[in-house]
Amino acid sequence: MISRSLLLLRRISRQLWVRVALISLFSLLSLAVAPLLTPILPQDWADRFGRDAVLPVLNILASGMLAVTTFSLNVMVSAYRTASGMATPRVYRLLLEDTVTQSVLATFTGGFIYSLSAIILFRAQIYPAGAAFIVFVMTVFVVALIVVSMLRWIDHLSDLGSMDHTLRLIETQTRESLEARRDMPNLGGRCRSEDAPEGRAIPAGASGFVRFVDMMRLQDLAAEAGAEMHLTRLPGEFVLRGRPLAVATGADEAFCKQAAALIEVGDVRSFEQDPSFGLTLLAETAQRALSPGVNDPGTAIEVLGRIERLLWETLPVDAEAPQDRAKFDRITLPPVTAEALLKASFPPIARCAADAPEVMEWMDKALCALADHPNPAMPEAAEAMRKALIDQA
C-alpha cells in the first residue's frame with residue numbers, strides 16, 4: 001500500500017513529457033561535461049578527432065531525429081486512436097502510459113536536442129579544440145542508443161494499436177489491480193458488512209469518482225485523534241460534492257476536513273484501488289465488438305476468456321480476511337465481493353449478445369467454470385448470475 005505522495009510521483013513518472021525532459025536534460029549535461037574532460041586527453045587524440053570529424057555526424061542526427069520524432073508521434077497518436085475506436089475510449093489513458101513508446105520517443109527527442117545543442121556550441125566557438133574528441137565519443141554512444149531504440153520501435157509498431165495488444169494491456173493492468181487487492185484485503189482496513197455507524201460525515205470536496213484513499217495517512221490521523229473512520233464510498237464509485245465519503249466516530253470537524261483531503265476524487269476512474277475498473281473496460285470492449293457496425297463475436301469470446309481467467313486466478317478475499325490482522329485497524333470499508341465483480345463483467349456483454357448465441361454459450365461455460373471456484377463466495381454468485389443471464393434469457 002503506497003501513500004498518496006508516492007502515487008502522485010508514480011503518475012508523474014508515467015507521463016511522456018517527463019521522460020522526454022529527463023533525457024533532454026541528461027543530453028545537455030553531457031555536453032556541459034565535455035570541456036571539463038579536455039585537459040586529461042592526450043594531444044594526439046585531440047588532433048585526430050577534431051571538429052571536422054564530429055560536425056557532419058551531428059548535422060545528420062539533428063536533421064534526422066527531428067523527422068523521426070515527428071513521424072513517430074504521428075504514428076503513436078494514430079495507433080492510440082485506432083485502439084480507442086476498436087476497444088473503448090477509456091483505454092486511451094492506459095495506452096499513454098506505454099513505457100516502450102515513451103522511452104523511444106524520449107530517446108529520439110534527446111538525440112535531436114543533443115546534436116542541435118552541440119552544433120550551436122561548436123559554431124559559437126564555445127568549445128575548446130580538444131573537446132571535439134569527447135563530443136565524438138558521446139556522439140557514438142548516442143548513435144548506438146538511437147539504433148537500439150529504432151529496433152525496439154520497429155518491433156513495438158508491429159503490435160501497437162492492435163486488438164491483441166490492447167486486450168493484453170487491459171488484462172495486465174486489471175490483473176495487477178486484482179492481485180494488489182487480493183494481497184491487501186480491504187485496502188489493509190477492516191471489512192464491514194453492515195451499514196456504517198452513526199457519526200460525523202466526511203463530505204466530498206468535489207463531484208467525481210473516488211480514485212484513491214490514502215490509508216496510511218488516514219490511519220495515522222485517526223490514531224492521533226483517537227477516532228475511527230468508516231468509508232461509505234469505495235474507489236471507483238461516484239460521489240457528489242457535499243455528499244459523505246465516510247463517517248467518523250470520535251472525531252471533530254477539523255479531523256473531517258483533514259480526512260477528506262486524503263481521499264482523492266477526480267473526473268475519471270483509476271486502476272490503483274479499483275479492481276472492477278479493468279473488468280468494466282474488458283466488458284466495454286466486448287460490447288463494442290458485438291455492436292451491429294462491428295459484428296465481431298470472436299473478440300467478445302476472447303474477452304470472456306480473459307475475464308474468466310482473471311476471476312479464477314486473482315479473486316479478492318475481502319470478506320474472508322482475518323479482521324484481527326488488519327494493518328489499518330481504525331478504518332473500515334465495505335468488501336469487494338464476487339457478485340460485484342461478476343456484475344461489472346457479464347451483464348453488459350449479455351445485453352449486447354442477444355443475437356450471438358455462440359457468445360452466450362461461452363458465457364454459460366465461463367459461469368459454470370467459476371461455479372467451481374475454490375473461494376466459497378464465487379460459486380453462489382456465479383450460479384445466481386448464470387440463472388439471471390442464461391436460464392432466463
Side-chain angles (χ1 to χ4, degrees), residues 1-4 6-11 13-14 87-88 90-91 93-95 97-100 164-191 209-216 219 231 234-237 264 268-286 302-323 325-328 331 333-346 366-367 369-370 372-379 381-382:
M1 180 62 62
I2 62 175
S3 64
R4 188 176 181 182
L6 291 177
L7 175 68
L8 294 176
L9 181 62
R10 187 171 70 177
R11 288 178 179 173
S13 67
R14 291 179 177 178
T88 170
R90 272 148 295 284
V91 79
R93 295 187 296 271
L94 191 59
L95 291 167
E97 298 179 356
D98 182 13
T99 56
V100 174
D164 290 340
H165 173 262
T166 304
L167 289 177
R168 185 167 58 250
L169 194 63
I170 299 175
E171 182 182 3
T172 300
Q173 190 66 54
T174 306
R175 180 178 296 275
E176 291 178 0
S177 182
L178 285 167
E179 288 178 345
R181 189 57 176 252
R182 183 193 60 190
D183 297 338
M184 183 71 75
N186 303 294
L187 301 178
R190 292 186 289 115
C191 179
F209 293 97
V210 178
R211 289 171 52 85
F212 183 77
V213 180
D214 194 339
M215 298 289 287
M216 287 190 291
Q219 171 73 11
L231 297 177
L234 290 175
E237 295 185 8
E264 180 186 358
V268 295
R269 297 170 68 178
S270 65
F271 282 95
E272 282 87 7
Q273 295 179 342
D274 184 4
S276 65
F277 184 38
L279 297 173
T280 300
L281 294 186
L282 288 171
E284 289 179 353
T285 303
E302 182 180 350
V303 168
L304 285 172
R306 292 177 184 271
I307 292 175
E308 180 182 357
R309 178 168 56 203
L310 286 168
L311 293 178
W312 180 267
E313 296 176 356
T314 58
L315 182 68
V317 291
D318 282 4
E320 292 76 25
Q323 300 303 299
R325 299 181 184 177
K327 184 177 181 180
F328 309 120
I331 306 173
L333 64 161
V336 171
T337 63
E339 180 183 5
L341 296 176
L342 289 174
K343 284 184 178 179
S345 307
F346 291 101
L367 289 171
L370 291 174
D372 293 329
H373 199 283
N375 189 317
M378 177 58 80

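Owing to the predicted nature of the structure, the values given are computational and were not obtained by experimental measurement.
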**Student:** Considering non-hydrogen atoms only, spot the tightest contact between Leu311 and Phe346 and give its length.
**Tutor:** CD1-CE1, 4.1 Å
**Student:** How long is the span from the CG atom in Asp372 to the CG atom in Leu367, to the nearest 0.5 Å?
**Tutor:** 11.5 Å
**Student:** Output all residues satisfying salt bridge (charged side-chain N to carboxylate O under 4.0 Å, His left out) with Glu97, sequence neighbours left out; order by chain, then residue number.
**Tutor:** Arg14
**Student:** Output the distance between atom CG (Leu282) and atom OG1 (Thr88), rounded to the nearest 0.5 Å.
**Tutor:** 10.0 Å
**Student:** Indicate yes or no for a side-chain donor-acceptor contact from Ser270 to the backbone of Arg211 under 3.5 Å, with no hydrogens or angles considered.
**Tutor:** yes
**Student:** Which heavy-atom pair separates Pro335 from Ala319 by the least distance, and what is that distance?
**Tutor:** CB-N, 4.2 Å
**Student:** Hey, could you give me the CG/CD1 distance between Leu187 and Ile331, rounded to the nearest 0.5 Å?
**Tutor:** 9.0 Å
**Student:** What do the steps show when you test Phe271 against Thr174 for side-chain contact (heavy atoms from CB on, under 4.5 Å), and what is the final call?
**Tutor:** CA-CA 7 Å; Phe271 282 95; Thr174 306; 4.1 Å; yes
**Student:** With distance as the sole test, does Asn375 use its side chain to make a donor-acceptor pair with the main-chain N or O of Ala377 at under 3.5 Å?
**Tutor:** yes
**Student:** Run the side-chain contact (heavy atoms from CB on, under 4.5 Å) test on Glu237 and Phe209 for me, step by step, so that the C-alpha distance in whole Å, both residues' side-chain angles and the decisive distance to 0.1 Å come before the verdict.
**Tutor:** CA-CA 5 Å; Glu237 295 185 8; Phe209 293 97; over 6 Å; no
**Student:** For His373 and Leu315, indicate whether the former's side chain and the latter's backbone hold a donor-acceptor pair under 3.5 Å.
**Tutor:** no
**Student:** Only counting residues at least two apart or in another chain, list the ones meeting side chain to side chain donor-acceptor pair (under 3.5 Å) with Glu339.
**Tutor:** Lys343
**Student:** Could I get the full list of side chain to side chain donor-acceptor pair (under 3.5 Å) partners for Asp318, not counting sequence neighbours?
**Tutor:** Arg181
**Student:** Is there side-chain contact between Pro316 and Leu341, with at least one heavy-atom pair below 4.5 Å?
**Tutor:** yes
**Student:** At their closest point, which heavy atom of Pro275 faces which heavy atom of Ser177, and how far apart are they?
**Tutor:** CA-OG, 3.3 Å
**Student:** If you compare all heavy atoms of Gly236 against all heavy atoms of Asp274, which two are closest, and at what distance to 0.1 Å?
**Tutor:** CA-OD2, 3.2 Å
**Student:** Apply side-chain contact (heavy atoms from CB on, under 4.5 Å) to Met216 and Asp214, showing your working.
**Tutor:** CA-CA 6 Å; Met216 287 190 291; Asp214 194 339; 4.1 Å; yes
**Student:** Minimum heavy-atom separation for Arg306 to Leu167, with atom names?
**Tutor:** NE-CB, 3.6 Å
**Student:** Check the pair Val210, Leu234 against side-chain contact (heavy atoms from CB on, under 4.5 Å), reporting the backbone distance first and the verdict last.
**Tutor:** CA-CA 7 Å; Val210 178; Leu234 290 175; over 6 Å; no
**Student:** In terms of side-chain heavy atoms, does Arg269 have a donor or acceptor partner in Ser276 at a distance below 3.5 Å?
**Tutor:** yes
**Student:** Between CD of Glu308 and CG of Leu370, what distance do you get to the nearest 0.5 Å?
**Tutor:** 5.5 Å
**Student:** Which pair of non-hydrogen atoms, one from Ile170 and one from Leu94, has the smallest distance, and what is that distance?
**Tutor:** CA-CD2, 4.0 Å
**Student:** Excluding sequence neighbours, so at least two apart, what forms salt bridge (charged side-chain N to carboxylate O under 4.0 Å, His left out) with Glu313?
**Tutor:** Arg175
**Student:** List the steps, then state whether salt bridge (Lys or Arg N to Asp or Glu O under 4.0 Å) holds for Arg168 with Glu302.
**Tutor:** CA-CA 11 Å; Arg168 185 167 58 250; Glu302 182 180 350; over 6 Å; no
**Student:** Excluding sequence neighbours, so at least two apart, what forms salt bridge (charged side-chain N to carboxylate O under 4.0 Å, His left out) with Glu284?
**Tutor:** Arg90
**Student:** Taking salt bridge (charged side-chain N to carboxylate O under 4.0 Å, His left out) as the definition, give me every residue that meets it alongside Glu176, ordered by chain and number, with sequence neighbours left out.
**Tutor:** none
**Student:** Look up atom OG1 in Thr285 and atom CD in Glu171, then write down how far apart they are to the nearest 0.5 Å.
**Tutor:** 11.5 Å
**Student:** Between CD of Gln273 and CD of Glu264, what distance do you get to the nearest 0.5 Å?
**Tutor:** 9.5 Å
**Student:** Looking only at atom types and distance, does a side-chain atom of Thr337 sit under 3.5 Å from a main-chain N or O of Ala340, one as donor and one as acceptor?
**Tutor:** yes
**Student:** Report yes if some heavy atom in the side chain of Pro235 is under 4.5 Å from a heavy atom in the side chain of Val213; otherwise report no.
**Tutor:** yes
**Student:** For residues Leu333 and Cys191, determine if any side-chain heavy atom of one lies less than 4.5 Å from a side-chain heavy atom of the other.
**Tutor:** no
